[in-house]
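Written below as structure tokens is the structure these notes are about.
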Number of protein chains: 2
Amino acid sequence: MARTTIKDIARECGVSLSTVSLVLNNNPRISESTREKVLSSVRKHEYQPNTFARSLASQSSRSLSVIVPHLNHVFADTYFGEIVSGIYEHATSLGYKVMLEMANRHFIQTHEYLNLLKTKRVDGLLILGSSVHDEYLKDLAASNYPYVLVNHYFPGRSMNYISADYITSARLAANHLLDHGHRHIGMLSGTTTNTALDFRDHFTKACMEGGVAKENLYWSDGWFTEQGGFEGAQWLLDRYPEMTAIMAGNDKMAIGAMRHIARRGLKVPHDISVIGMDDVAAAEFANPSLTTIRHDLYQIGAKSVEALLVLFRKEAELVQQTLPVELVVRESTGPVRTAS
Amino acid sequence: MARTTIKDIARECGVSLSTVSLVLNNNPRISESTREKVLSSVRKHEYQPNTFARSLASQSSRSLSVIVPHLNHVFADTYFGEIVSGIYEHATSLGYKVMLEMANRHFIQTHEYLNLLKTKRVDGLLILGSSVHDEYLKDLAASNYPYVLVNHYFPGRSMNYISADYITSARLAANHLLDHGHRHIGMLSGTTTNTALDFRDHFTKACMEGGVAKENLYWSDGWFTEQGGFEGAQWLLDRYPEMTAIMAGNDKMAIGAMRHIARRGLKVPHDISVIGMDDVAAAEFANPSLTTIRHDLYQIGAKSVEALLVLFRKEAELVQQTLPVELVVRESTGPVRTAS
DNA sequence: AGCGCAAGTTAAAACGCTTGACCCTCGGGG
DNA sequence: CCCCGAGGGTCAAGCGTTTTAACTTGCGCT
């Protein structure tokens, strides 16, 4: 039952503890012959160093924390799921462990996010789904510990981030709808993230440049969920029957909106065009399949890990990167309906 | 920069290290006055014990590992996501940390799953998405370490598990379709899990008891994904045009199947009824909304944590539990089409 | 006065590893 | 022939806790 420790290996090989440890850490001071002897004994016993002892002694854990927002069933959200997948797969391939944390009140009030770093329990933080109200992020920015905001940012503050290009997204979406002749457009989104706010501003701007009157742009605030999209679409359609297109802040909202439109007995895209954002797997299999702006969330996750490594290695003080996006045209958008 | 340790607290309070440690672990041997003194100092310094040191010394980590299968983008799968959410939220509310592991080749070949337990890096394992081919599970069953199979089982082997009731699910689904007059039914599922196999057997049995000829039951094997459902539906419809209903092994397959049916120019449920399983959020927002067998995945996750605790406390040798299911009727199923 | 005992506290040995300082041995240069 | 330095190893002091056995008191008995 007693686990084999570094001591057992040392005894078997007739060397000291230190030697074994040095071999395990690829220290070049050990001769090739000793190294081989130790390694073969390690293999023979399937020896695995004790992580706790290692971390305690070395004051570093070779692991990182993913901070997800405090939402119910948050791991069931494909948006976060895609990003976490990208993070997890990339980080583990680089030998980093991934820990999960949820940014609930306790986590924030006890400064757990700083404690994780101070106690060296993790080497860095990857923060998902932060909102404009997350004041605690200021402490992080000031702290000099490695962290990256994932698919979010704060204009004007110098914080590390990796994000999709929401500004180009806005232009692509707007132009696509304009090209189809839409001049009465609803927007369905939240106001809790800077990305959504940036998106709205640039979408509005692009629409107006394309000849849409400001009063023909309709806005509905809501949760980034199917339910939020459903209710938002209802609200907009009740008020603005002249509306011919809906731009949703993400694919889930778009799918919720389409559901409501179907319920109402209207057809997408014949009566109303719908465009989403992200291009999660569900977009392709929606009925009708969803036109959307593709954000490579998996890639965003992977790049965030990369950014963290840059910070670990002190190759940069600040990492800010915007990733390209792409319009994916499917069935849910089409020419504006003939005036009825 | 130097973190405050137990030593600092001890010095400040004029007591020994042991006393502080005992206070922190709620040992009743310490007097109320000393306890208060220590605790107030702890609060003052926002002292947090070092997890590594604690785990190393106590040989227990108050944490558990979730093992997910080695699939691409696995965290973006709402099936796993729901379960992980249930696990995470329940475990953290009980003071347990949750670690993520992926059952890839390295993980299995190096016996990492056993090492995690041997080195006490985690106290128990929660295994998701295991398949009939996962031979390594035998080692676990033999090992006497705490683990629970989540929503899977091996008939005949005495392994711990928590699972939805796939047998009742099968009867509910079959009877629902039979009630609507369906007598030519396709099944879309995988063959890699015992739950799916059990489901198939009992679905078949129920259908035959309901008067469906065996040769009018069609089977298509495939991945548990939208794409798998899409292709499976195509395969079935190409071969069996007389088919009027499709039972899918999960909601994602059902949604993929509906997508294919729409592509083919057919209507759900007018031409083909479709029923899914799980009742993930997407089921309600599909077009048409999906009739399905509800498995409370979140609850399954939470119960699995509960089961692990029972094993920790040695209150039972073996934990096997089957959770109730429910038919949720929505729009995707209806009476059989009139013969054409 | 002496004893036993309970309650409260502490000393010290782990836990398994890392790491900087130190030590030995040899070969070569002065 | 001695000294020096490089290469290869080892020593031992941590890292920050837990935990067991042992040590004080003070008190009530006899």
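Order of the sequence lines fixes the chain letters, A, B, ..., with proteins taken first and strands second; residue numbering starts at 1 for each chain. Basis for what follows: all heavy atoms, side chains included, without hydrogens, waters or symmetry-related copies. Here the structure is a predicted model, which is why all the values come from computation and not from measurement.
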Open item on the list: For the NZ atom on Lys120(B), are there more than 12 heavy atoms of other groups (residues, nucleotides or ligands in this structure) within a distance under 6.0 Å?
Closed with: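 Check fails, neighbour count at 12 or below.
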Task: Other residues, nucleotides, ligands: >12 heavy atoms within 6.0 Å of His106(A) NE2 - done: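 At most 12 heavy atoms, drawn from other residues, nucleotides or ligands, come within 6.0 Å of this atom.
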Review item, side-chain donor-acceptor pairs of residues 305-316 of chain B, under 3.5 Å, at least two apart:
from, atom 1, to, atom 2, distance (Å)
Glu306(B), OE1, His90(B), NE2, 2.5
Arg313(B), NE, Glu315(B), OE2, 2.6

Task: Any donor-acceptor N/O pair, Glu89(B) side chain to His73(A) backbone, under 3.5 Å - done: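 Judged by distance alone, yes, a pair lies under 3.5 Å.
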List every contact pair, protein side and nucleotides 14-18 of chain D side both N or O, where the distance is under 3.5 Å.
from, atom 1, to, atom 2, distance (Å)
dC15(D), O3', Gln59(A), NE2, 3.4
dC15(D), O2, Ala57(A), N, 3.4
dG16(D), N2, Ala53(B), O, 3.4
dT17(D), OP1, Tyr47(B), OH, 2.7
dT17(D), OP1, Asn50(B), N, 3.0
dT17(D), OP2, Ile6(B), N, 2.8
dT17(D), OP2, Tyr47(B), OH, 3.4
dT17(D), O5', Tyr47(B), OH, 3.1
dT18(D), OP1, Asn25(B), ND2, 3.2
dT18(D), OP1, Arg54(B), NH1, 3.3
dT18(D), OP2, Ser21(B), OG, 2.4
dT18(D), OP2, Asn25(B), ND2, 3.4

Task: Donor + acceptor pair across side chains of Asp8(A), Tyr47(A) (<3.5 Å) - done: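 No.
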- [ ] Tell me yes or no: between the side chains of Asn72(B) and Tyr298(A), is some donor less than 3.5 Å from an acceptor?
- [x]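 Absent: no donor and acceptor within the cut-off.
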Task: Identified ring-ring contact (aromatic ring centres under 6.0 Å, His included) partner of Tyr113(B) from the options Tyr145(B), Tyr136(B), Tyr147(B) - done: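 Between Tyr113(B) and the candidates, ring-ring contact (aromatic ring centres under 6.0 Å, His included) is satisfied uniquely by Tyr136(B).
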- [ ] Describe the nucleic acid contact of Thr34(B) in one word from base, sugar-phosphate, nothing, applying a heavy-atom distance below 4.0 Å.
- [x]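 Sugar-phosphate only.
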TODO: Report which part of the nucleic acid Ser31(B) touches: base, sugar-phosphate, or nothing (heavy-atom distance under 4.0 Å, all strands).
DONE: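 Answer is sugar-phosphate: Ser31(B) comes under 4.0 Å of backbone atoms only.
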TODO: Using chain A heavy atoms and a threshold of under 4.0 Å, write down where along DNA chain C the contacts begin and end, 5' to 3'.
DONE: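 Taking any atom under 4.0 Å from a heavy atom of chain A, the span is dG16(C) to dC22(C).
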Task: Note: Glu101(A)-Lys97(B) ion pair, threshold 4.0 Å (strictly below) - done: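 Salt bridge flag = yes for Lys97(B) with Glu101(A).
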